[in-house]
Amino acid sequence: KAYSYLGRCYESQGAPDKAVAVYKLADGLYPDNSFFASRLAAIYMKSGFYESAVPLFERELGRRSDDIGANAGLARCYASLGFLTKAKTYYSRAAVLGDFRDLELLREYAAVMLRKRDWDEAELILGYAAGLAPGDAALLEASARAASGRGDYAKAAARLREAAALAPSDRSLRLELALAELLGGDPRPALSAVPSTAGENSALALVLRGLALSKTGDKTGAEECFRKASAFRDRPFIAAFSAALAGEGAGQADMRAIE
């Protein structure tokens with residue numbers, strides 16, 4: 001008890017190095033007490049020492065495979081290390097053990113599945129999350145990305161329209177909506193998502209508006225947008241891409257490049 005209190009005092013004082021020293025000593029003295037290994041794993045994970053946290057979480061799961069915190073911690077470590085398939089295994093266990101009631105865990109799980117490009121799993125988990133937080137713009141946006149990953153741009157655009165209605169001041173949502181509409185082959189809704197004045201301070205907005213105008217046959221308006229976007233030197237990739245679209249670079253580009 002003295003070691004556990006001392007370690008927690010050091011943690012609350014913002015001295016994780018001292019807490020680690022105490023917990024490591026106590027873990028050696030009392031290897032059957034899971035508290036010390038759990039705290040060590042949590043500190044290592046929070047500090048970014050994921051490789052040090054992994055064996056400690058695994059040790060905890062060897063004792064109790066139904067420990068939600070250890071499963072979630074191991075999932076987070078593997079996700080941070082880039083082992084997304086392993087992360088999926090432990091996120092899944094943590095979610096099932098928690099009866100899919102932990103909204104933040106489900107958000108994390110879905111985000112990792114989007115990184116993994118596991119669109120079906122992401123959509124499944126987002127469905128559970130939506131049941132806990134209906135009308136959540138961020139969940140709708142994530143669901144749209146899963147739909148886009150499968151190539152279902154109509155569904156993605158529908159989800160993004162819902163999200164944009166819930167968060168009308170979020171300009172990034174409207175740009176994502178415009179892109180989904182373009183990829184779905186319908187430029188006119190894309191123009192509505194990016195009004196004529198929206199792109200003056202955004203290179204990406206200008207590119208999207210230019211592509212939409214090009215698809216409607218307004219080549220002059222499109223080239224003007226591309227030329228403006230090519231002037232954003234702080235966005236070198238978009239500037240170079242825009243210059244190519246405007247015919248000022250070493251080649252022409254079209255919607256296939258965006259896809």
Might you point out which heavy atoms bring V112 and A87 nearest each other, and give the distance in Å?
CG1-CB, 4.4 Å
Separation between CG of L97 and CZ of R93, rounded to the nearest 0.5 Å
9.0 Å
Ionic contact status for R39 with E11, cut-off 4.0 Å
yes
Once rounded to the nearest 0.5 Å, what's the spacing between atom CG of L175 and atom CZ of R209?
12.0 Å
Quick one: side chains of residues 176-183, donor-acceptor pairs under 3.5 Å with protein atoms, not counting sequence neighbours, listed by atom name and distance.
{"unit_1": "E176", "atom_1": "OE1", "unit_2": "R145", "atom_2": "NH2", "d": "3.1"}
{"unit_1": "E176", "atom_1": "OE2", "unit_2": "R145", "atom_2": "NE", "d": "2.7"}
{"unit_1": "E181", "atom_1": "OE2", "unit_2": "R161", "atom_2": "NH1", "d": "2.5"}

Side-chain touch V207/C225, heavy atoms, less than 4.5 angstrom
no
Looking only at heavy atoms, what is the nearest atom pair of V22 and G7, with distance?
CG1-N, 4.0 Å
To the nearest 0.5 angstrom, please state how far the CZ atom of R227 sits from the OG atom of S242.
12.0 Å
Test side-chain contact (heavy atoms from CB on, under 4.5 Å) on R188 and T216; report intermediate values, then the result.
CA-CA 8 Å; R188 297 193 183 281; T216 61; 4.2 Å; yes
For K116, side-chain hydrogen bond (donor to acceptor under 3.5 Å, both in side chains) partners two or more places apart:
none
Do side-chain atoms of R233 reach the backbone of S230 as a donor and acceptor pair under 3.5 angstrom?
yes
Is there a donor-acceptor contact under 3.5 Å from the side chain of S4 to the main chain of K1?
yes
Check salt bridge (charged side-chain N to carboxylate O under 4.0 Å, His left out) between D66 and all other residues, then give those that pass, not counting sequence neighbours.
R64
Taking every non-hydrogen atom, the tightest pair across A122 and L114:
CB-CD2, 3.9 Å
Suppose the criterion is ring pair (Phe, Tyr, Trp, His ring centres under 6.0 Å): which pairs have a residue in residues 115-150, not counting sequence neighbours?
F100-Y128
For Y109 versus K88, what's the shortest heavy-atom pair and its separation?
OH-O, 3.9 Å
Considering all heavy atoms of both residues, which atom of I43 and which atom of P16 are nearest to each other, and what is their separation?
CG2-CB, 4.0 Å
State which residues pass salt bridge (charged side-chain N to carboxylate O under 4.0 Å, His left out) with D27; sequence neighbours excluded, sorted by chain then number.
R59
Checking D99 side chain against R101 main chain: does a donor-acceptor pair fall under 3.5 Å?
no
Return yes if some donor-acceptor pair links the side-chain N/O of S148 with the main-chain N/O of A144 below 3.5 Å, else return no.
yes
Can you check whether A205's main-chain N or O pairs, donor with acceptor, with R171's side chain at less than 3.5 Å?
no
Test of understanding: with salt bridge (charged side-chain N to carboxylate O under 4.0 Å, His left out), list the residues that count as partners of E60, not counting sequence neighbours.
R63
Table please: side-chain donor-acceptor pairs of residues 75-86 below 3.5 Å, with sequence neighbours left out.
{"unit_1": "R76", "atom_1": "NE", "unit_2": "E108", "atom_2": "OE1", "d": "2.7"}
{"unit_1": "R76", "atom_1": "NE", "unit_2": "E108", "atom_2": "OE2", "d": "3.2"}
{"unit_1": "R76", "atom_1": "NH2", "unit_2": "E108", "atom_2": "OE2", "d": "3.1"}
{"unit_1": "Y78", "atom_1": "OH", "unit_2": "E58", "atom_2": "OE2", "d": "2.9"}
{"unit_1": "S80", "atom_1": "OG", "unit_2": "R76", "atom_2": "O", "d": "2.9"}

Can you name the side-chain contact (heavy atoms from CB on, under 4.5 Å) partners of A167, sequence neighbours left out?
A137, D170, L173
Heavy-atom distance under 4.5 Å between the side chains of Y3 and L25, does that happen here?
yes
Filter on ring pair (Phe, Tyr, Trp, His ring centres under 6.0 Å), then keep only pairs touching residues 41-60, sequence neighbours left out; what's left?
none
When you look at CZ of R115, are more than 12 heavy atoms from neighbouring residues, nucleotides or ligands closer to it than 6.0 Å?
yes
With rounding to the nearest 0.5 angstrom, report the CZ to CZ distance, F226 to F241.
7.5 Å
Check this for me: R117, atom CZ, are more than 12 non-hydrogen atoms of other residues, nucleotides or ligands nearer than 6.0 Å?
no
When you group the ILVMFWY residues by side-chain heavy-atom contacts below 4.5 Å and let the links chain together, are L106 and V96 in the same group?
yes
All salt bridge (charged side-chain N to carboxylate O under 4.0 Å, His left out) counterparts of E224, not counting sequence neighbours
K228
Taken to the nearest 0.5 Å, the spacing of L124 CG from S92 OG works out to 9.0 Å
Heavy-atom closest pair (A72 atom, L105 atom, distance to 0.1 Å) is CB-CD1, 4.0 Å
For D136, side-chain contact (heavy atoms from CB on, under 4.5 Å) partners two or more places apart
R107, A133, A138, L139
Value rounded to 0.5 Å, distance of OG in S38 from CG in D67:
6.5 Å
Indicate if L40 and M45 have the same hydrophobic cluster label, given that clusters are the connected sets of ILVMFWY residues with side-chain heavy-atom separations under 4.5 angstrom.
no
Under a 4.5 Å side-chain heavy-atom rule over Ile, Leu, Val, Met, Phe, Trp and Tyr, are L61 and L56 clustered together?
no
Is there side-chain contact between N71 and Y91, with at least one heavy-atom pair below 4.5 Å?
no
Would you call E141 and L160 a side-chain contact if the rule is heavy atoms closer than 4.5 Å?
yes
Any chain of hydrophobic side-chain contacts (each under 4.5 Å) joining I68 to Y90?
no
Listing request: all ring pair (Phe, Tyr, Trp, His ring centres under 6.0 Å) pairs with a residue in residues 155-190, at least two apart in sequence or in separate chains.
none
R8 NZ/CZ over Y5 ring centroid, <6.0 Å and within 45° of normal:
no
